[in-house]
Structures are given as C-alpha cells and as structure tokens.
Amino acid sequence: MTTVALIEDDSAYRTGVERLLARSGRFALAGSFAHAEAALRELPGRPAHVVLCDINLPGMPGPAAVLRLRQSCPAMRCVMLTIFDDAENLFASLQAGAAGYLLKNASPAEIVAGIDEVLAGGAPMSRPIARR
C-alpha cells in the first residue's frame, strides 16, 4: 500500500484529506502534521512514498520543508497542496524539489489522480498552474 504523509496547518482541511486517503482504500497515512518541524522529526525514520505539503505553514514554510525532506529522504516525492497560485510560490516550490503543485480547490478525484501521477513519475499540476 502506498504511504502518504500530510503537512497542513488547517485542521479541518487536514482532516478532510486524511478521510479522502482512508476512503480511497489505496493509501495509508504515514503521518499527519500541523507544521513542518514535526514532519522533519518523524518522516526520516519512516519515510512516506508521497508527502502532500502546504506552503504557508507556521514556522518553517513548505518549500523549505520540502528541500530538507528531499535531502534526508531523496526517494520521497513531495507535492505542494496550497491555495497559492502565484508564480513566486510555484517556482520556489519546484526549486526546493517539489514534484508537483496542486491547488486546494482541486476535487478529491484530482488530488488522488495527482498522487497517482507523481507515483508514476509525473509532475501533477492543477490546470491553472500548468498554464503558467
């Protein structure tokens, strides 16, 4: 089973994604974290296949967390899951090593498809982001 970790400070959104993953029957939650520092402590010891990471986190921002996670767990694929659709955040995330960039207004099916795409070696992008 594919393991997915989630780094998201909005508890309601985090719970929704946790439920989506559980209902899929295909993903096991490797960890759910409200801030990057907790994920950086836990994930190197039990890396996930995929990490879904918000950008605007308390403390360390998402792109910095992705950079550190990719350094400690190079096989782990990171996908940003965020409300920010601007070029600055997009490019900062990609430079940090994010393999994809999905907007939080993506449907549950699009989020699952994004996980599948990154696992297949692709680079999932929400449509408005891909147009950039």
Side-chain angles (χ1 to χ4, degrees):
M1 187 169 287
T2 299
T3 56
V4 179
L6 180 60
I7 308 172
E8 170 60 56
D9 63 321
D10 181 313
S11 61
Y13 191 80
R14 189 173 62 246
T15 298
V17 175
E18 290 170 2
R19 287 183 184 144
L20 169 66
L21 297 172
R23 282 193 314 258
S24 76
R26 300 175 31 227
F27 305 115
L29 191 63
S32 185
F33 309 97
H35 53 84
E37 291 81 2
L40 289 166
R41 280 193 305 273
E42 298 291 326
L43 288 175
R46 54 182 171 95
H49 294 104
V50 177
V51 175
L52 301 176
C53 185
D54 190 14
I55 285 182
N56 191 22
L57 296 166
M60 182 183 299
V66 165
L67 179 63
R68 293 199 36 205
L69 284 169
R70 296 281 296 137
Q71 290 169 341
S72 62
C73 308
M76 197 162 40
R77 307 297 289 168
C78 298
V79 175
M80 304 313 288
L81 187 56
T82 182
I83 62 168
F84 296 106
D85 63 355
D86 61 283
E88 184 178 331
N89 279 304
L90 169 64
F91 293 123
S93 298
L94 296 176
Q95 286 178 326
Y101 198 97
L102 299 174
L103 297 176
K104 287 184 179 180
N105 64 3
S107 71
E110 289 170 324
I111 294 171
V112 169
I115 295 169
D116 288 337
E117 185 175 343
V118 78
L119 289 168
M125 301 278 167
S126 291
R127 285 185 184 118
I129 297 301
R131 283 190 207 109
R132 291 189 185 276

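Contacts of A96 classified as side-chain contact (heavy atoms from CB on, under 4.5 Å), with partners at least two apart in sequence or in another chain: P63, V66, L67. Looking at residues two or more places apart in sequence or on another chain, you find no side-chain contact (heavy atoms from CB on, under 4.5 Å) involving A22. Scanning for side-chain hydrogen bond (donor to acceptor under 3.5 Å, both in side chains) contacts around E37 gives H35, with sequence neighbours left out. Judged as a side-chain contact (heavy atoms from CB on, under 4.5 Å), and not counting sequence neighbours, the contacts of S107 are A109, E110.
Taking every heavy atom of both residues into account, A36 and A65 meet most closely at CB-CB, 3.5 Å. Smallest separation of non-hydrogen atoms from I55 and S93: CD1-OG, 3.7 Å.
Rounding to the nearest 0.5 Å gives a distance of 13.0 Å between CZ of R14 and CG of L52. Rounding to the nearest 0.5 Å gives a distance of 6.5 Å between CG of L43 and SG of C73. Of the inter-residue distances, the one linking D86 atom CG with L90 atom CG reads 8.0 Å to the nearest 0.5 angstrom.
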Please tabulate, for side-chain N and O atoms in residues 75-84, each donor-acceptor pair with protein atoms closer than 3.5 Å (sequence neighbours left out).
{"unit_1": "T82", "atom_1": "OG1", "unit_2": "F84", "atom_2": "N", "d": "3.2"}

If you look only at distance, which donor and acceptor atoms sit under 3.5 Å apart when one is on a side chain in residues 23-32 and the other is two or more places apart or in another chain?
{"unit_1": "S24", "atom_1": "OG", "unit_2": "L21", "atom_2": "O", "d": "2.7"}
{"unit_1": "S24", "atom_1": "OG", "unit_2": "R26", "atom_2": "N", "d": "3.1"}
{"unit_1": "S24", "atom_1": "OG", "unit_2": "F27", "atom_2": "N", "d": "3.4"}
{"unit_1": "R26", "atom_1": "NH2", "unit_2": "D116", "atom_2": "OD1", "d": "2.2"}
{"unit_1": "R26", "atom_1": "NH2", "unit_2": "D116", "atom_2": "OD2", "d": "2.9"}
{"unit_1": "S32", "atom_1": "OG", "unit_2": "E18", "atom_2": "OE2", "d": "2.4"}

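Within the 4.5 Å cutoff, no side-chain heavy atoms of F33 are placed close to those of L40.
Pairs of residues two or more places apart, or lying in two chains, that qualify as salt bridge (charged side-chain N to carboxylate O under 4.0 Å, His left out) and include a residue from residues 39-57 are E42-R46, D54-K104. Residues in residues 55-72 take part in no side chain to side chain donor-acceptor pair (under 3.5 Å) pair, two or more places apart or across chains.
Checked by atom type and distance alone, the side chain of H49 never pairs as donor or acceptor with a backbone atom of T2 at under 3.5 Å.
Tracing side-chain contacts under 4.5 Å through hydrophobic residues (I, L, V, M, F, W, Y), one never reaches I7 starting from V50; they form parts of separate clusters. Under the 4.5 Å side-chain contact rule for hydrophobic residues, L69 and L6 do not share a cluster. L103 and I111 are assigned to two separate hydrophobic clusters, defined by single-linkage of ILVMFWY side chains at heavy-atom distances under 4.5 Å. Under a hydrophobic-cluster definition in which Ile, Leu, Val, Met, Phe, Trp and Tyr are linked whenever side-chain heavy atoms come within less than 4.5 Å, directly or via other members, L20 and L102 are assigned to the same cluster. In the hydrophobic cluster analysis, where Ile, Leu, Val, Met, Phe, Trp and Tyr join through side-chain heavy atoms closer than 4.5 angstrom, I129 is grouped apart from V118.
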